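Let me begin by presenting the structure, written as structure tokens, before commenting on it.
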Protein chains: 2
Amino acid sequence: MISEDLLLLMNIAKVQAIVSRKFDSLSAHGLGVSDFVILYLLHNAPEFRMRRIDLADKIGLTASGVTRLLGPMEKTGLVTREANERDARVSYVVITSTGKKIFQEAKVTAERVAKDILSFKKNKSLRAISELLQELGGNIQ
Amino acid sequence: MISEDLLLLMNIAKVQAIVSRKFDSLSAHGLGVSDFVILYLLHNAPEFRMRRIDLADKIGLTASGVTRLLGPMEKTGLVTREANERDARVSYVVITSTGKKIFQEAKVTAERVAKDILSFKKNKSLRAISELLQELGGNIQ
DNA sequence: AAATATTACTTGATTACTCAAATATATCTC
DNA sequence: GAGATATATTTGAGTAATCAAGTAATATTT
């Protein structure tokens, strides 16, 4: 009927939909999942800054999507904007100290959710992806 | 800094974002990814019909989301609505012959995209999920 | 150095969802 | 069999993204 490849990709989509709803608890910190990942990336970036385009690439969204996400984050003071002296097209995103603080707080929540989702994993070594997806609710066949 | 579990989930999100953009080619058939999956599930369901709630569960979305998706699909004649004689709360979704035809056409496209995305997989046996995600662009660290 | 192409980013219009609440029906409990 | 609870679905309001097109600056070609 349908290939294993296509099935796998449909199941990744399903798992992601389920998982992203579980991360709704990040909203207690005023963050969506993508906001959290952005803060994570900036927190680990050299000088706490990245170009928008590199951020987009790293997080797997389009430049447009990143622009939309950053708007509210600038407004609430999680990140700021800084120009590049050599190239006026570029504007860096920099995480603020508020951003770092919120990230640390949200990380606790996110880790708890992640642990909860993957709790069945225990000490077994890494399984094949389809088994993992199966256990995560990816059971389209 | 951050657990492997959380990293894994962030990478699933990233991969899904990348993959779903690649499936944009389904729009040539007037479908989004979720529309395609709905048609697939109905196509394989007994009597080509499912309750909305079961569809939601199977696809991994909320009942609300399913309602929103089905509206346009009813309008374009891919599916119809049928009542349950025993339980007036329930309305079945049934795939139409048009829906079946469009599904078969879209399946060709979807299979091509899936094959393209997973082409590197070749005949190797299933790899561990993080390696797979890595190859799919899930390289957040 | 002028013309062309490329890159970084933003914007307008749209889609695909979410949650919380509402509605309607069915099922349980006493 | 009346009242309380549970289930299936829809709706209102909002969020998180998309693409295509636009702007502005830089880099490349001629």
Side-chain angles (χ1 to χ4, degrees), chain A residues 13-39 49-76 79 81-93, chain B residues 13-39 49-76 79-94:
Chain A
K14 175 174 179 179
V15 166
Q16 170 53 22
I18 293 169
V19 166
S20 84
R21 281 199 303 277
K22 298 203 175 175
F23 275 102
D24 199 44
S25 43
L26 284 175
S27 69
H29 305 94
L31 301 178
V33 179
S34 296
D35 299 323
F36 177 79
V37 180
I38 286 173
L39 291 182
R49 82 195 50 211
M50 288 179 85
R51 302 190 314 162
R52 283 157 150 72
I53 191 89
D54 295 331
L55 198 47
D57 191 63
K58 198 79 180 171
I59 198 181
L61 302 179
T62 62
S64 172
V66 165
T67 295
R68 310 269 187 207
L69 288 168
L70 289 177
M73 293 176 77
E74 284 183 60
K75 231 169 226 163
T76 54
V79 298
R81 170 187 300 261
E82 262 182 45
N84 179 328
E85 296 180 355
R86 304 251 179 106
D87 188 339
R89 289 170 303 182
V90 170
S91 82
Y92 287 106
V93 199
Chain B
K14 176 174 179 178
V15 166
Q16 170 53 22
I18 293 170
V19 166
S20 84
R21 282 200 304 273
K22 298 203 176 175
F23 275 103
D24 199 44
S25 43
L26 286 174
S27 69
H29 305 93
L31 301 177
V33 179
S34 295
D35 300 323
F36 177 80
V37 180
I38 286 174
L39 292 182
R49 81 194 51 211
M50 289 179 85
R51 303 189 315 162
R52 281 155 152 72
I53 191 90
D54 295 331
L55 198 47
D57 191 62
K58 199 78 179 170
I59 199 181
L61 301 179
T62 63
S64 172
V66 165
T67 295
R68 310 267 187 205
L69 289 169
L70 289 176
M73 293 175 76
E74 284 183 59
K75 230 169 227 165
T76 53
V79 299
T80 48
R81 169 187 301 261
E82 262 181 44
N84 178 328
E85 295 179 356
R86 303 250 178 106
D87 188 337
R89 290 169 302 181
V90 170
S91 84
Y92 287 107
V93 198
V94 191

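The chains referred to below are lettered A, B, ... by the order of the sequence lines, with proteins before strands, and numbering in each begins at 1. Bear in mind the structure is a predicted one, so any value in this text is a computation, not a measurement.
Rounded to an integer number of Å, the gap from A:Glu74 CD to C:dC9 P is 12 Å. Rounded to a whole Å, the CG atom of B:Asp54 is 8 Å from the P atom of D:dT9. Separating the NZ atom of A:Lys75 from the P atom of D:dT15 is a distance of 12 Å, rounded to the nearest angstrom. Taking atom CG of residue A:Leu70 and atom P of nucleotide D:dT15, one finds them 17 Å apart after rounding to whole Å. Atom CD1 of B:Ile53 and atom P of C:dA26 are 16 Å apart (whole Å). A straight line from CD1 of A:Ile38 to P of D:dA16 spans 10 Å, rounded to a whole angstrom. Taking atom CG of B:Asn84 as the reference point, atom P of D:dT7 lies 16 Å away to the nearest angstrom. As a whole-Å value, the separation of B:Asp87 CG from D:dT7 P is 12 Å.
Note on A:Ser91: only backbone sugar-phosphate atoms sit closer than 4.0 angstrom, heavy atoms only; bases stay farther off.
A:Arg89 is linked by a side chain to side chain donor-acceptor pair (under 3.5 Å) to A:Asp87, counting only residues two or more places apart in sequence or in another chain. For B:Glu82, the salt bridge (Lys or Arg N to Asp or Glu O under 4.0 Å) partners are B:Arg49, not counting sequence neighbours. With sequence neighbours left out, B:Phe23 forms a ring-ring contact (aromatic ring centres under 6.0 Å, His included) with no residue at all. In this structure B:Arg51 satisfies the side chain to side chain donor-acceptor pair (under 3.5 Å) test together with B:Asp54, sequence neighbours excluded.
Phosphate proximity of C:dT10 to A:Arg52: present, with a side-chain N or O under 4.0 Å from OP1 or OP2.
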*Test log, rule side chain to side chain contact (heavy atoms under 4.5 Å, CB included), inputs A:Lys14 and B:Val37*: CA-CA 10 Å; A:Lys14 175 174 179 179; B:Val37 180; over 6 Å; no
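Closest to the A:Arg89 side chain, of the nucleotides D:dA25, D:dT9, C:dT25, is D:dA25.
Note on residues 59-76 of chain B: pairs passing salt bridge (charged side-chain N to carboxylate O under 4.0 Å, His left out), not counting sequence neighbours, are B:Arg52-B:Glu74, B:Glu74-B:Arg81.
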*Can you check each nucleotide of nucleotides 14-20 of chain C against protein heavy atoms at under 4.0 Å and return B for base, S for sugar-phosphate only, - for none, in 5' to 3' order?*
--SSBB-
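In this structure, OG1 in B:Thr67 is found 9.0 Å from CD1 in B:Ile53, a value given to the nearest 0.5 Å.
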